[in-house]
Peer 1: 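Below are the structure tokens for one structure; questions will follow.
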There are 2 protein chains.
Amino acid sequence: MPQTKVVSLEKLKTACKNCGLAKLCLPLGLENNDIERLDAIVQRNRPLHRGNHLFQTGNSFGSIYVVKSGTIKTYTQCPNGTEQVVGFHLPGEVVGLDGIETGQHICSAKALETTAVCEVPFSRLEELTATVPGLQHQMFRLMSKEISKETGLMVLLGKSTAEERLAAFLLSLSVRFHSYGFSSTEFNLSMSRREIGSYLGLALETVSRLFTHFQEEKILEVDRKHIKILEMEQLFKLLSDQNGCLDRLQHPN
Amino acid sequence: MPQTKVVSLEKLKTACKNCGLAKLCLPLGLENNDIERLDAIVQRNRPLHRGNHLFQTGNSFGSIYVVKSGTIKTYTQCPNGTEQVVGFHLPGEVVGLDGIETGQHICSAKALETTAVCEVPFSRLEELTATVPGLQHQMFRLMSKEISKETGLMVLLGKSTAEERLAAFLLSLSVRFHSYGFSSTEFNLSMSRREIGSYLGLALETVSRLFTHFQEEKILEVDRKHIKILEMEQLFKLLSDQNGCLDRLQHPN
DNA sequence: ATGCAAATCTGATCCAGATCAACAGTTGCC
DNA sequence: GGCAACTGTTGATCTGGATCAGATTTGCAT
């Protein structure tokens with residue numbers, strides 16, 4: 001009896017159909033019984049601690065992962081020692097799609113804070129997508145979204161100023177937190193100034209100065225990792241003034 | 001009789017199973033009869049002329065396209081008038097995957113020279129991928145490859161010098177031309193200095209100067225659009241000296 | 001608490017590449 | 001054939017952000 005109770009609680013906590021992220025994730029648009037079939041292949045492992053790796057460059061690819069809570073950083077290590085941050089993955093976002101092509105991961109993924117993920121073994125997912133058309137379509141959509149992100153990124157890294165980059169980054173976080181049900185104006189950064197700089201192609205000193213500058217301009221309130229956006233409009237204006245291609249930099253599904 | 005002959009010639013020219021690009025494209029790894037099923041949904045339209053659009057930003061998404069010959073440039077138009085080049089697509093490469101997510105293309109695609117493409121209606125492709133597991137897997141691989149390109153691009157645009165960027169670009173072209181069966185050391189650029197600059201996040205003047213500089217260093221022989229790589233090793237060295245993350249910038253399937 | 005290492009902030013200097021400008025081929029069009 | 005519009009090259013100057021250097025703050029372990 002107590003045994004049963006524990007199991008059902010466990011299920012309640014994690015089943016796809018009860019998951020608050022379902023609308024951002026693979027089950028989107030699926031019928032109830034299809035969701036259960038997906039649910040059956042999803043593995044819920046214990047949460048990762050800060051610094052734990054989900055996978056590393058060169059690891060053989062077996063699963064894709066959906067962030068349930070926390071943050072995953074993906075990055076590559078250059079031979080000269082420096083790291084290049086490739087992405088920050090918030091709840092509802094998928095990690096690991098890079099490994100499908102070659103069967104090996106081409107970047108590393110580590111937790112920036114305590115992070116829970118759903119692991120989806122890819123070969124079993126492929127069996128399922130072959131029989132559940134809606135799921136196949138959703139996979140194509142998810143992957144297409146990743147490909148679209150590239151467009152925004154090229155504008156951001158190719159043409160934009162440091163100010164525009166940080167503004168775009170903060171707005172992207174804001175929109176994504178909001179879609180997860182958190183405040184769009186007040187949140188904690190789980191990544192360091194150095195990591196933000198690496199992602200945006202800026203020196204960490206520049207990131208630090210810009211936070212100070214945005215605070216002086218009364219656009220933000222910054223207390224180390226804690227950010228409060230005071231003037232969302234001003235941030236938007238920083239983007240649209242010079243270019244408006246950044247819309248799709250990163251937005252929820 | 002003559003009728004039959006014309007048709008069979010036509011087929012010979014275009015059928016997937018006789019296409020020299022099959023190993024770079026969707027049919028990779030498929031059985032003969034599956035290739036024929038794919039072949040049946042592929043549309044071969046008349047070639048595009050220089051400047052013709054395959055699709056434009058905002059167009060509703062219906063098909064993906066595979067370049068058979070020529071070059072397609074994808075780009076976005078920023079409100080301030082300037083364009084950002086997102087990619088150059090050579091024979092064997094797929095264009096249009098960006099549209100799956102939203103059902104609308106988020107960039108424009110135009111021919112830089114006379115260009116032939118195979119059009120694959122996406123809804124029909126999805127029906128086929130649901131019944132041909134190998135094709136579904138190949139689609140996932142193709143899309144994963146596009147996603148992986150992002151990693152190389154972030155290193156290139158975020159950290160690298162102008163010299164490294166152009167070297168990486170030329171090597172990428174070289175590898176891709178080679179995989180298509182052309183010379184890896186001598187080719188014509190179908191894009192302008194301005195377009196290369198936009199793609200690499202550089203001013204066109206910088207691109208021009210670098211070509212001159214590479215020529216002075218005896219690494220290249222440059223005559224307007226015609227490029228001859230004299231010292232492939234030197235180009236590689238320009239990359240690996242400072243970082244080695246650029247391997248996967250863009251390589252054949 | 002205390003100390004040590006890492007992260008952040010801030011100021012000073014420097015430089016790669018942007019921008020501005022002038023010119024020379026090249027292409028296309030009437 | 002000649003004018004106009006691109007496209008590419010080259011030189012001169014300027015500047016945003018990198019780099020270097022130091023002071024502070026924070027986090028963590030002892």
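We name chains A, B, ... by the order of the sequence lines, and we start the count at 1 in each one. Everything numeric in this text was worked out from a predicted model, so none of it was measured.
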Peer 1: Pairs under 3.5 angstrom only: tabulate donor-acceptor contacts from the side chains of residues 203-220 of chain B to other protein residues two or more places apart or in another chain.
Peer 2:
residue : atom : partner : partner atom : Å
B:T212  : OG1  : B:S208  : O            : 3.1
B:H213  : ND1  : B:E163  : OE2          : 3.4
B:Q215  : OE1  : B:V222  : N            : 2.8

Peer 1: With sequence neighbours excluded, what pairs up with B:S198 under the side-chain contact (heavy atoms from CB on, under 4.5 Å) test?
Peer 2: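 So B:S198 forms a side-chain contact (heavy atoms from CB on, under 4.5 Å) with A:K159, B:Q84, B:V85.
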Peer 1: Check this for me, if you would: do B:K225 and B:E113 make a salt bridge, where the nitrogen-to-carboxylate-oxygen distance has to be below 4.0 angstrom?
Peer 2: no
Peer 1: C:dA16 P sits how many Å from B:L200 CG, rounded?
Peer 2: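 Those two atoms, CG and P, are 19 Å apart.
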Peer 1: Any ion pair linking A:E119 and A:R44 (charged N to carboxylate O, less than 4.0 Å)?
Peer 2: no
Peer 1: Could you give the angle between the helix axes at the two ends of the helix from C:dT10-D:dA21 to C:dC30-D:dG1, with five pairs per end, rounded to 10 degrees?
Peer 2: 40°
Peer 1: Where the side chain of A:S144 meets the backbone of B:E101, is there a donor-acceptor pair that is under 3.5 Å apart?
Peer 2: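 Confirmed, A:S144 side chain pairs with B:E101 backbone.
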Peer 1: Residues two or more places apart in sequence or in another chain: which of them pass side-chain hydrogen bond (donor to acceptor under 3.5 Å, both in side chains) with B:T114?
Peer 2: none
Peer 1: Roughly how many Å is it from NE2 in A:H213 to C1' in C:dC9, rounded to a whole number?
Peer 2: 16 Å
Peer 1: May I have the distance from A:E195 (atom CD) to C:dT8 (atom C1'), rounded to whole angstrom?
Peer 2: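 Nearest whole value for this atom pair: 14 Å.
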Peer 1: List the protein contact pattern of nucleotides 8-27 of chain D with one symbol per nucleotide (5' to 3'): B for base contact, S for sugar-phosphate-only contact, - for none; contact means a heavy-atom distance under 4.0 Å.
Peer 2: SBBBB----SSBB-----S-
Peer 1: Would you check if B:E83 and B:R194 make a side-chain contact, meaning some heavy-atom pair closer than 4.5 Å?
Peer 2: no
Peer 1: Could you pull out all residues at least two apart from A:Y75 that satisfy side-chain hydrogen bond (donor to acceptor under 3.5 Å, both in side chains)?
Peer 2: A:H53
